[in-house]
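One structure below.
Worth knowing before you read on, the calculation uses all heavy atoms, side chains too, and leaves out hydrogens, waters and symmetry mates. The structure displayed is predicted, hence computed values, not measured ones.
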Amino acid sequence: EYCDECKKRISDDRLHIVNDNFFTYKIEKYVGETETLFLGNPPWATNSELNFNLPEKENFKRLSGTDAITGASNFDICEYIILKLIEKSVNKNVAIAMLCKTSVARNVLLELDRNDVCVDDLRIYNFDSSKVFGISAPACLLYIKMSTSKFEDSIPFFISFIAFASSISMQVDLTIS
């Protein structure tokens with residue numbers, strides 16, 4: 001119903017409001033030469049908490065077999081969605097803005113570094129999730145502007161940015177009217 005309301009209020013041929021199953025959706029359809037913004041609030045759950053609408057199983061973080069036993073392979077669906085958007089957006093004119101748990105944002109930052117993904121801009125805006133959603137998990141709006149430069153022509157995102165990002169994160173009052 002939120003998407004229908006947005007479509008009623010916004011009429012712009014450059015804007016495509018899509019409400020679809022992420023796991024079967026062809027992201028490449030909207031990633032090209034033109035600027036693209038993926039904006040969303042993916043589910044804040046792990047694959048062990050859901051028994052429907054899950055992606056095809058894959059070891060996208062290349063974890064070891066023992067991680068399956070210890071539970072480390074129980075990935076966060078929100079994190080998976082953000083990382084898949086990043087994977088499909090490398091060297092493209094894409095920005096990603098997602099509401100997520102702060103722990104998910106940190107994991108995404110680690111994956112950016114681990115995979116030498118270049119970004120032009122990365123911001124974390126903390127907000128009071130108890131006030132907005134009635135939950136106790138620390139949360140943020142994670143904004144990533146992908147770099148259109150090739151790795152050789154750009155400076156990769158380095159892990160040292162994590163300390164910097166956490167020190168500059170801002171408290172934002174998000175009010176739903």
### Query
In the single-linkage hydrophobic clustering (I, L, V, M, F, W, Y; side-chain heavy atoms under 4.5 Å), do Ile135 and Tyr125 co-cluster?
yes

## Note on the structure
Lys92 and Met146 have their tightest heavy-atom pair at O-CB, 3.8 Å

### Message
Return the CG to CG distance between Leu122 and Leu142, rounded to the nearest 0.5 Å.
### Response
6.0 Å

### Message
Can a donor-acceptor pair be found, under 3.5 Å and without considering hydrogens, that links the side chain of Thr36 to the backbone of Val31?
### Response
no

### Message
Taking side chain to side chain donor-acceptor pair (under 3.5 Å) as the criterion, tell me which of Asp120, Asp121, Asn91 meets it with Ser147.
### Response
Asp120

### Query
Aromatic rings Phe23 and Tyr80: how do their planes relate, parallel, tilted or perpendicular, breaks at 30° and 60°?
tilted

### Query
What heavy-atom pair brings Phe127 and Leu99 nearest, and what distance separates the two atoms?
CE2-CD2, 3.6 Å

### Query
Is the shortest heavy-atom distance from the side chain of Val117 to the side chain of Glu111 under 4.5 Å?
no

### Between NZ on residue Lys84 and OG on residue Ser89, distance to nearest 0.5 Å
12.0 Å

### Query
Going only through I, L, V, M, F, W and Y residues with side-chain contacts under 4.5 Å, is there a path from Ile81 to Val18?
yes

### Query
Could you give the distance from CD1 (Ile82) to CD1 (Ile77), rounded to the nearest 0.5 Å?
12.0 Å

### Query
How far apart are the closest heavy atoms of Phe38 and Met98, and which atoms are they?
O-CE, 3.7 Å

#### Entry: Joint hydrophobic cluster, Leu83 plus Leu37, side-chain heavy atoms closer than 4.5 Å
no

### Query
Do Asp76 side-chain atoms and Cys78 backbone N/O form a donor-acceptor pair below 3.5 Å?
yes

### Task
Kindly determine whether Val104 and Trp44 satisfy side chain to side chain contact (heavy atoms under 4.5 Å, CB included), including the steps that lead there.
CA-CA 9 Å; Val104 166; Trp44 297 13; over 6 Å; no

### Query
Thr102 side chain to Pro138 main-chain N or O, any donor-acceptor pair under 3.5 Å?
yes

### Query
Does the side chain of Arg114 come within less than 4.5 Å of Leu109's, by heavy atoms?
no

### Co-membership, hydrophobic cluster, residues Ile27 and Ile96, 4.5 Å side-chain
yes

#### Entry: Residue Lys145 excluded, over 12 heavy atoms near NZ under 6.0 Å
yes

#### Entry: Value rounded to 0.5 Å, distance of CD1 in Ile124 from CZ in Arg106
8.0 Å

### Query
Given side chains that start at C-beta, do those of Cys100 and Cys140 come closer than 4.5 Å, heavy atoms only?
yes

### Query
Hey, are the side chains of Val90 and Asn115 touching, using non-hydrogen atoms and a 4.5 Å cut-off?
no

#### Entry: Pairwise distance CG(Leu110) to CD(Glu79) - rounded to 0.5 angstrom
9.0 Å

### Query
Within a reach of under 6.0 Å around CG of Asn41, are more than 12 heavy atoms found that belong to other residues, nucleotides or ligands?
yes

